[in-house]
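Quick caveat, the model's predicted, so the values are computed rather than measured. Residues: numbered from 1 along the sequence shown.
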Amino acid sequence: RVGVFDQGNAVNLSELEALSKANDKDGLMAMLGPIETPLDDIPLVDITTQDAGQIFNGQAVILLPHVVDHWKEHRSSNPEDDRLAVAMDGERAIALGEVRAGRFQPVRVFGG
């Protein structure tokens, strides 16, 4: 077991090899879980689609006060990662980053 992953949701290596040999890209993609799964213990910040465009370009965005308040309520008590957040555009994770002074600064962007 590692985080939310355990044997119950593991994929057999032979299954992956068979799909790879068959060049079954759809089958391989079906084996992947959503990016949000391993990030479920990191607090979320809701952003707009317009903000997502800025984040995809590596730019920080200003968060609305109620978004910052929600993040504060759920942030980690560990000083090493107490600024971490996952930016969400609806149900889609956009980036992992840090919240500082009411702004979200992306550190890792997940795709555009």
Verify the cluster assignment for Val107 and Val109: are they in a single hydrophobic cluster under the rule of side-chain heavy atoms below 4.5 Å apart? no
Holding to side chain to side chain donor-acceptor pair (under 3.5 Å), I want the full list of residues that pass it with Asp69, two or more places apart in sequence or in another chain. none
Which pairs pass salt bridge (Lys or Arg N to Asp or Glu O under 4.0 Å) with one or both residues in residues 7-18, sequence neighbours excluded? none
Closest non-hydrogen atom pair between Ser14 and Asn12, with its separation: OG-OD1, 2.5 Å
What distance separates Phe104 CZ from Ile62 CD1, expressed to the nearest 0.5 Å? 14.0 Å
Side chain to side chain donor-acceptor pair (under 3.5 Å) partners of Arg100, counting only residues at least two apart: Glu98
Atom CG in Leu13, atom CG in Leu16: separation rounded to 0.5 Å? 6.0 Å
Show every donor-acceptor pair shorter than 3.5 Å between a side-chain atom in residues 32-47 and any protein atom, with sequence neighbours excluded, or say none if there are none.
| unit_1 | atom_1 | unit_2 | atom_2 | d |
| --- | --- | --- | --- | --- |
| Glu36 | OE2 | Ala93 | N | 2.8 |
| Thr37 | OG1 | Pro34 | O | 3.2 |

Please confirm whether the ring centroid of His74 lies under 6.0 Å from the ring centroid of His70. yes
I'd like to know if the side chain of Arg108 reaches the main chain of Leu96, judged simply by a donor and an acceptor atom lying under 3.5 Å from each other, with no hydrogens or angles considered. no
Find the distance between CZ (Arg75) and CG (Leu84) and round it off to the nearest 0.5 Å. 11.5 Å
Side chain to side chain donor-acceptor pair (under 3.5 Å) involving Thr49 - partner list, sequence neighbours excluded: Asp89
Does Leu63 reach the side chain of Trp71, with side-chain heavy atoms less than 4.5 Å apart? no
Is the number of heavy atoms from other residues, nucleotides or ligands within 6.0 Å of CD (Glu73) greater than 12? yes
May I have the list of side-chain donor-acceptor pairs in residues 19-31 shorter than 3.5 Å, sequence neighbours left out?
| unit_1 | atom_1 | unit_2 | atom_2 | d |
| --- | --- | --- | --- | --- |
| Asp24 | OD1 | Asp26 | N | 3.4 |
| Asp24 | OD1 | Gly27 | N | 2.7 |

For the side chain of Asn78 and the backbone of Glu80, is there at least one donor-acceptor N/O pair under 3.5 Å apart? yes
What are the two closest non-hydrogen atoms of Arg103 and Ala60, and how far apart are they? NH2-CB, 3.6 Å
When you measure from the side chain of Asn9 to the backbone N and O of Asp6, does any donor-acceptor pair fall under 3.5 Å? yes
